[in-house]
Structure formats: C-alpha cells, structure tokens
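What follows is a short report on a single structure.
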Amino acid sequence: MAAKNLMKIQEDLKNLIVENYANDKDVSSISIKSNIASDYMLNSVDALELLLKVEQKFNIEIPDDDLNIILLQDAEKLSEYILKLQAEV
C-alpha cells in the first residue's frame, strides 16, 4: 500500500511542478530524480510558494525547521517526506 501511495504522491508532485514551473513540459518528461530547485530555476520565493502548494495539495504541514531549499533538491526524497508526514497524521 505504501508503494502505491508513494507512486500517487510522485505523480501528483510532478503534475504540481508542471502546472506551476514547467508549463512547456509534459508530465511524463519530469524525472522523479530531478533537482526541483535547480532544474526549474526556482528562486527562494518560488521555492517557498511550491512548498506551500505541497502543503495544500497533500494536506500536510511542513514544520518550519524543514521549510528550506533542501526539500526541493530531490523530487524523490520530497515524495518520501510527504508520505512520512501523511503517515504521522
């Protein structure tokens, strides 16, 4: 079940990236191994906005201590982090 949930989170995360930061790309071209921050040239405001959208989309609250660019360095790790937070609810 966790693997299925992780795959759904990854697909939703890729859709969120395309909708907001990669309009010219197809969802299938987004790699889950991508570095979100650098691959889509997010500045600090973009990064914070994306993390807020992640919170809304996945109904989670990212602790203030974790709200940083490190979360956006690896889409796969961000997906796993989202799954972890959802499990804690």
Side-chain angles (χ1 to χ4, degrees):
M1 183 70 167
K4 185 176 181 181
N5 289 342
L6 183 60
M7 288 175 58
K8 172 78 170 118
I9 289 169
Q10 289 173 344
E11 195 62 31
D12 288 347
L13 182 58
K14 290 190 323 184
N15 280 315
L16 196 63
I17 292 166
V18 167
E19 290 168 9
N20 293 281
Y21 304 101
N23 309 57
D24 59 332
K25 298 202 183 285
D26 185 73
V27 173
S28 62
S29 71
I30 305 293
S31 170
I32 202 62
K33 299 282 188 188
S34 69
N35 181 320
I36 302 167
S38 66
D39 290 355
Y40 304 104
M41 297 184 296
L42 303 185
N43 61 35
S44 58
V45 173
D46 292 332
L48 185 56
E49 285 177 351
L50 178 56
L51 290 174
L52 293 173
K53 288 176 187 199
V54 164
E55 285 184 325
Q56 293 170 342
K57 173 76 177 171
F58 297 101
N59 198 27
I60 59 172
E61 186 173 332
I62 300 171
D64 289 346
D65 290 345
D66 291 345
L67 283 174
N68 59 56
I69 200 75
I70 294 169
L71 275 179
L72 300 177
Q73 289 181 346
D74 186 324
E76 186 172 38
K77 287 184 180 150
L78 177 56
S79 299
E80 291 167 357
Y81 180 81
I82 293 166
L83 183 64
K84 179 183 140 221
L85 288 181
Q86 287 179 333
E88 292 175 1
V89 175

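Atom set for the values below is all heavy atoms of this structure, side chains included, hydrogens, waters and symmetry mates excluded.
With a 4.5 Å cut-off on side-chain heavy atoms, E49 and Y21 count as touching. Using a 4.5 Å cut-off on side-chain heavy atoms (C-beta onward), E11 and V27 make contact. In this structure, the side chains of V18 and N23 stay at 4.5 Å or more apart for every pair of heavy atoms. Counting heavy atoms from C-beta on, the side chains of Q73 and I36 never come closer than 4.5 Å.
Note: E19 CD to L16 CG = 6.0 Å, rounded to the nearest 0.5 Å. Between the CD atom of E55 and the CD1 atom of I60 there is a distance of 6.5 Å, given to the nearest 0.5 Å. Put simply, OG on S79 and CG on L13 are 4.5 Å apart, with the number rounded to the nearest 0.5 Å. Atoms CD and CG, from Q86 and L6 in turn, are 10.0 Å apart once rounded to the nearest 0.5 Å. From Q56, atom CD reaches atom CG of L51 across 11.5 Å, with rounding to the nearest 0.5 Å. A distance of 6.0 Å separates CD1 of I17 from CD1 of I30, quoted to the nearest 0.5 Å.
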- Message: Apply side-chain contact (heavy atoms from CB on, under 4.5 Å) to residues E80 and L83 and explain how you reach the verdict.
- Response: CA-CA 5 Å; E80 291 167 357; L83 183 64; 5.6 Å; no

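Within a 6.0 Å radius of CG in N59, no more than 12 heavy atoms belonging to other residues, nucleotides or ligands are found.
In terms of heavy-atom proximity, S31 sits nearest to A75 at O-CB, 4.4 Å.
Put simply, L67 and L50 are part of the same group of oily side chains (I, L, V, M, F, W, Y) that touch within less than 4.5 Å, one to the next. Residues I9 and I32 are members of separate hydrophobic clusters, defined by side-chain heavy-atom contacts under 4.5 angstrom among Ile, Leu, Val, Met, Phe, Trp and Tyr.
Annotation: salt bridge (charged side-chain N to carboxylate O under 4.0 Å, His left out) contacts involving residues 61-79, sequence neighbours excluded, comprise K33-E76.
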Could you tabulate the donor-acceptor pairs under 3.5 Å formed by side-chain atoms of residues 39-48, not counting sequence neighbours?
residue, atom, partner, partner atom, Å
D39, OD2, N35, N, 3.1
N43, OD1, V45, N, 3.0
N43, OD1, D46, N, 2.7
D46, OD2, N43, N, 3.3

